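When a ligand or atom number is given, it counts from 1 through the structure's own listing order. Because the structure is predicted, anything quoted here is derived from the model rather than measured. Basis for what follows: all heavy atoms, side chains included, without hydrogens, waters or symmetry-related copies.
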Amino acid sequence: MSAAPVVGIVGSAGAYGRWLRGFLQQRMGLEVIGHDPADPHSDDPEVLLQRADVLIFSAPIRHTPALIADYVARSAGREAGRLWLDVTSVKSAPVAAMLASQAEVVGLHPMTAPPKAPTLKGRVMVVCEARLARWQPWLAQLCAALEAECVRATPAHHDQVMALVQAMVHATHLAQAGVLREYAPLLGALPALMPYRSASFELDTAIIARILSLNPAIYEDIQFGNPHVAPMLDRLLAQLQQLRQQVGQGDDAARAAFRQQMLLDNRDSQGEAVLAEGNYTFERVGYLLADLTERNAISVHLPEDRPGSLRELLHVFERHAVSLASIHSSRTPAGEVHFRVGFIAGSDPTALLAAAGEIDASGIGRVLSR
Ligand SMILES: O=C(O)C(=O)C[C@]1(C(=O)O)C=C[C@@H](O)C=C1
């Protein structure tokens with residue numbers, strides 16, 4: 001095991017491959033080599049097998065087990081004493097394929113698309129330590145540098161849990177997207193419904209938009225590449241069919257059954273503490289959404305990340321006698337940290353313009369277009 005291993009990425013041109021290369025080079029100061037069939041300038045697989053102390057498979061889930069098997073055959077024992085990792089959303093098959101090698105093996109699953117941020121701070125990463133010995137300290141360094149909340153699991157348990165955490169969530173939202181599409185000729189597309197939104201609807205449509213904006217192959221493979229998904233879908237359908245039957249029946253007995261099964265039994269099963277926490281989260285997110293959609297606001301990027309920058313910014317509003325209603329740190333779509341400052345209703349637009357002008361002119365911050 002080397003303190004500064006050479007890392008090889010199989011799938012270096014993909015979204016995670018590119019993110020990992022940046023992270024490993026910039027945050028961990030490591031030499032990174034990579035192969036990707038989509039990048040003719042990338043290194044040959046043989047170069048990776050010769051030089052990489054750590055090999056990371058970052059390829060489409062569907063092809064990963066066969067791809068790993070191919071590397072096991074080509075490597076032919078040279079991988080002994082090295083570390084092999086993968087970052088796919090399903091764990092049993094890729095980890096089993098890596099275990100056919102003589103390398104130490106850890107399956108990873110970051111529970112996020114490649115973030116705009118330089119690390120996985122604030123995100124979860126599942127870690128399946130399938131065969132780990134001498135590389136343990138380096139894996140700990142990797143996890144610390146990634147700043148993710150790491151949760152250990154076996155590949156089998158991971159895949160069972162992901163049928164709920166990922167496949168069920170994606171399935172219900174894609175079904176909602178399909179229903180919205182079917183109703184669009186009658187009621188209009190989403191923009192026609194948004195004026196009537198509840199916080200729940202807004203959150204669900206944001207999730208739908210997120211899923212439909214990311215890589216379709218990942219969502220396909222999460223449904224089709226995990227054997228625990230089909231039985232989960234059966235249960236999901238049975239729940240919906242039961243509700244459909246009760247609404248169709250429509251009498252007091254059906255209402256009582258609905259109330260008992262769908263509301264009371266589910267409430268009891270979740271327990272008071274979990275419900276209270278989730279309900280509180282919902283309220284906080286609801287307020288956050290309201291603040292973020294508030295038009296009477298400006299976003300400011302503070303170029304200097306130093307103590308006192310935010311106080312100087314707030315001081316400008318104070319001098320222009322503008323009262324703030326909210327302040328949130330957030331990220332632009334390009335990933336730049338900014339502060340979004342909301343103002344109380346009826347704030348003087350001229351004072352706001354003057355304050356924004358002063359922030360720009362003084363160099364305290366850069367006011368972003370809305
Ligand atoms: O960044 C996100 O929106 C995600 O959560 C992406 C998401 C998911 O939708 O479950 C998709 C694939 C990865 O395996 C992890 C998480």
Side-chain angles (χ1 to χ4, degrees), residues 9-11 13-20 22-23 56-65 67-68 85-95 97-98 106-128 143 146-178 200 202-229 232-233 236 278 281-282 285 288-289 292 330-335:
I9 301 177
V10 181
Y16 245 110
R18 282 178 280 133
W19 187 89
L20 282 167
F23 164 79
I56 307 181
F57 294 93
S58 175
I61 305 170
R62 191 176 183 184
H63 304 300
T64 295
L67 183 71
I68 294 172
L85 308 168
D86 84 302
V87 289
T88 45
S89 309
V90 176
K91 292 272 66 81
S92 295
V95 167
M98 289 192 290
V106 178
L108 302 174
H109 182 193
M111 294 304 300
T112 171
K116 301 222 168 74
T119 69
L120 298 179
K121 192 169 183 176
R123 310 300 176 111
V124 165
M125 183 170 75
V126 187
V127 180
C128 302
C143 290
L146 280 169
E147 298 181 314
E149 185 184 317
C150 288
V151 55
R152 259 86 189 162
T154 62
H157 187 68
H158 166 278
D159 289 357
Q160 275 177 302
V161 169
M162 287 308 142
L164 303 181
V165 170
Q166 292 196 294
M168 181 175 74
V169 171
H170 302 164
T172 51
H173 284 87
L174 291 172
Q176 289 188 62
S200 301
E202 194 170 5
L203 283 173
D204 275 19
T205 53
I207 294 171
I208 292 170
R210 175 72 174 179
I211 293 171
L212 298 179
S213 304
L214 296 182
N215 181 356
I218 292 179
Y219 290 97
E220 180 185 314
D221 288 345
I222 285 173
Q223 297 294 328
F224 285 77
N226 180 347
H228 303 289
V229 168
M232 176 282 295
L233 288 173
L236 192 58
T281 298
F282 180 90
V285 173
L288 183 63
L289 275 179
L292 293 183
S330 186
R331 282 177 194 278
T332 62

Inset, instruction - State which residue, out of E202, Q176, H173, fulfils the side-chain contact (heavy atoms from CB on, under 4.5 Å) condition with I207. - result: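 Of all the options given, the one that passes is H173.
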
Would you mind running through ligand 1 and noting each atom that sits below 4.0 Å from a heavy atom of [X]?
| X | value |
| --- | --- |
| I218 | 12 (C) |
| P110 | 15 (C) |
| H170 | 8 (C), 9 (O), 10 (O) |
| H109 | 13 (C), 14 (O), 15 (C) |
| A113 | 1 (O), 2 (C), 4 (C), 6 (C) |
| S89 | 13 (C), 14 (O) |

Inset, instruction - Decide whether the shortest distance between a heavy atom of P115 and an atom of ligand 1 is less than 4.0 Å. - result: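 P115: no contact with ligand 1 (<4.0 Å).
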
Legend entry - Protein contact to atom 3 (O) of ligand 1 [nearest heavy atom, distance to 0.1 Å]: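 For this ligand atom, the closest protein heavy atom is R210 NE, 2.5 Å.
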
Inset, instruction - Among all protein heavy atoms, pick out the one at the shortest distance from atom 5 (O) of ligand 1; state its residue, atom name and that distance to 0.1 Å. - result: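 Of every protein heavy atom, M111 O, 4.1 Å lies nearest to atom 5 (O) of ligand 1.
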
Inset, instruction - Please work out whether the ring planes of W19 and F23 are parallel, tilted or perpendicular, with thresholds of 30° and 60°. - result: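 Ring orientation, 0 to 90° scale: parallel.
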
Inset, instruction - Examine L214 against ligand 1 and note whether any of their N/O atoms are separated by less than 3.5 Å. - result: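 Checking ligand 1 against L214, no N or O pair falls under 3.5 Å apart.
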
Legend entry - Heteroatom proximity flag, Y219 to ligand 1, N/O under 3.5 Å: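 Checking ligand 1 against Y219, an N or O pair does fall under 3.5 Å apart.
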
Inset, instruction - Pick whichever of H173, Q166, M125 has a heavy atom sitting closest to atom 16 (C) of ligand 1. - result: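 Selected option, by shortest heavy-atom distance: Q166.
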
Short question: side chain of [X], backbone of [Y] - any donor-acceptor pair under 3.5 Å?
| X | Y | result |
| --- | --- | --- |
| E147 | G122 | no |
| D159 | V90 | no |
| D86 | F57 | no |
| T64 | A59 | yes |
| K121 | L146 | no |

Legend entry - Greater than 12 external heavy atoms within 6.0 Å of E220's CD: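 Counting neighbours around CD of E220, more than 12 heavy atoms of other residues, nucleotides or ligands fall under 6.0 Å, so yes.
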
